[in-house]
Amino acid sequence: MNENNDLKGKTAVVTGAARGLGQEYVVAMAACGMNILAADRDDCAETAGLAKGPGKVECVTVDVANAASTVAMAKAASDAFGRIDVLVNNAALYGGLASGPFDRIEEAEWDFCMAVNIRGVWNACKAVVPAMREAGGGSIINISSLAATYGLPYSLHYTTSKGAVIGMTRGLARELGRHWIRVNAVAPSAVMTDATKEFFGEKLDRAAEVIRDGQSLKRNLEVQDLAGTILWLASDASRFVTGQTIMVDGGTTFL
Ligand SMILES: NC(=O)c1ccc[n+]([C@@H]2O[C@H](COP(=O)([O-])OP(=O)(O)OC[C@H]3O[C@@H](n4cnc5c(N)ncnc54)[C@H](O)[C@@H]3O)[C@@H](O)[C@H]2O)c1
């Protein structure tokens, strides 16, 4: 992805960066020379250690469900790097969620999922947009899921939250276009992260098989398959793309 020379020196805020996919996005962005604020409710020190540069990585603790916490996150990015060009809204409740039939999901679990997976995305957008406006534009990348584009059953709170991310992406793209801020979503299939192992539990192997069988490309998604799309959306190579949901799912779902 080094042909995207415009990434060098850009600043990104990546939420949910302590482990899993968020960690990989930080490593890939740093390799392209981006400066990154790695944000998570957990410590991002491991992520900072894995990122070999040339971009710099700073860490901050955030609870995306809390608006004031996301404002502090945006301030930390501006203080560290002077601007915010890219936001990756990756933080979400996924692996630890209790799944089951739609009418057996606890109300508190439903509300917690919406608070983090939807309100958290909204909060982070509100927090970084002033800095993006000041910078003359930016790119917001919201992480949705195959759960929404396919319609995953037995995790209706998660599926619903990731569908809302697509709606938010579309509405916000129309609101922010006048400021040259692009807003897109990425909907990955399942990658075998720790969270995916937690999510599917003992059904993991069977789920991986079913997902693979449903794809046009017959292998399971790997994290390296996602980084290119994230970097492309962060870069000026995608400068006229906004409001879109890019399915990185090996050809499972089509618009
Ligand atoms: N792994 C997959 O197969 C897959 C597929 C499709 C979409 N996704 C999405 O990709 C993203 C990352 O998935 P992952 O597998 O790396 O999951 P993960 O659980 O490893 O990562 C999520 C991160 O978000 C953080 N987080 C949770 N609540 C937070 C909060 N309130 N404030 C700040 N940080 C918080 C967690 O600490 C964690 O580090 C999620 O949005 C997930 O829904 C994952």
Side-chain angles (χ1 to χ4, degrees), residues 14-28 38-51 61-65 88-102 104-106 108-110 112-118 120-121 141-163 165 185-215 217-230 247-253:
V14 180
T15 69
R19 68 173 201 168
L21 300 180
Q23 181 171 78
E24 297 289 343
Y25 302 152
V26 172
V27 170
D40 202 291
R41 65 183 176 186
D42 293 336
D43 187 7
C44 289
E46 183 184 288
T47 302
L50 288 170
T61 305
V62 69
D63 174 5
V64 294
V88 184
N89 268 315
N90 169 76
L93 295 179
Y94 166 47
L97 282 174
S99 299
F102 78 96
R104 292 204 204 139
I105 295 168
E106 297 284 341
E109 182 86 344
W110 179 278
F112 188 31
C113 179
M114 302 308 156
V116 175
N117 294 13
I118 306 176
V121 175
I141 305 166
N142 295 329
I143 305 301
S144 178
S145 172
L146 177 70
T149 54
Y150 170 76
L152 183 76
Y154 303 112
S155 282
L156 201 68
H157 43 353
Y158 182 70
T159 298
T160 303
S161 72
K162 290 300 181 177
V165 167
V186 175
S189 175
V191 187
M192 297 307 137
T193 59
D194 288 344
T196 297
K197 290 174 191 158
E198 291 159 17
F199 189 79
F200 288 109
E202 59 188 25
K203 296 183 185 140
L204 179 71
D205 290 343
R206 179 73 187 127
E209 196 183 316
V210 169
I211 291 168
R212 194 169 57 241
D213 285 351
Q215 295 174 185
L217 303 171
K218 301 290 182 197
R219 70 159 168 79
N220 285 112
L221 181 66
E222 290 164 13
V223 67
Q224 293 78 6
D225 301 320
L226 276 167
T229 303
I230 300 291
M247 276 85 83
V248 185
D249 63 8
T252 309
T253 52

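- Distance CE/M247 to OG/S189: 12.0 Å, rounded to 0.5 Å.
- Using a distance-only test at 3.5 Å, with no hydrogens or angles considered, no donor-acceptor pair links the side chain of N117 to the main chain of M114.
- Other residues, nucleotides and ligands place more than 12 heavy atoms under 6.0 Å from the CZ atom of F200.
- Panel note: side chain Q23, backbone A17; no donor-acceptor pair is recorded below 3.5 Å.
- Between R206 and E209, at least one side-chain nitrogen of the basic residue sits less than 4.0 Å from a carboxylate oxygen of the acidic one, meeting the salt-bridge criterion.
- Put simply, the side chain of P188 does not reach to within 4.5 Å of the side chain of L146, judged on heavy atoms.
- Remark: R219 CZ is packed, more than 12 non-hydrogen atoms of other residues, nucleotides or ligands lying under 6.0 Å away.
- Residues C113 and L97 are in side-chain contact: their nearest non-hydrogen atoms beyond the backbone lie under 4.5 Å apart.
- Under a 3.5 Å cut-off, the side chain of E109 and the backbone N or O of A98 do form a donor-acceptor pair.
- For the pair A39 and V62, the tightest heavy-atom approach, listed with the atom from each and the gap, is CB-CG1, 3.7 Å.
- For the atom pair L226 CG and Y25 OH, the distance stands at 4.5 Å (nearest 0.5 Å).
- Counting only distance, with no hydrogens or angles, the side chain of K162 and the backbone of I143 share a donor-acceptor pair below 3.5 Å.
- A pairwise comparison of heavy atoms in A91 and G16 identifies CB-N, 3.5 Å as the closest pair.
- With hydrogens and angles disregarded, a donor-acceptor distance shorter than 3.5 Å links the side chain of T159 to the backbone of L152.
- Checked by atom type and distance alone, the side chain of T196 pairs as donor or acceptor with a backbone atom of V191 at under 3.5 Å.
- Distance alone, capped at 3.5 Å, is enough to place a donor-acceptor pair between the T15 side chain and the N90 backbone.
- Separation of the Y158 and F199 ring centroids falls under the 6.0 Å cut-off.
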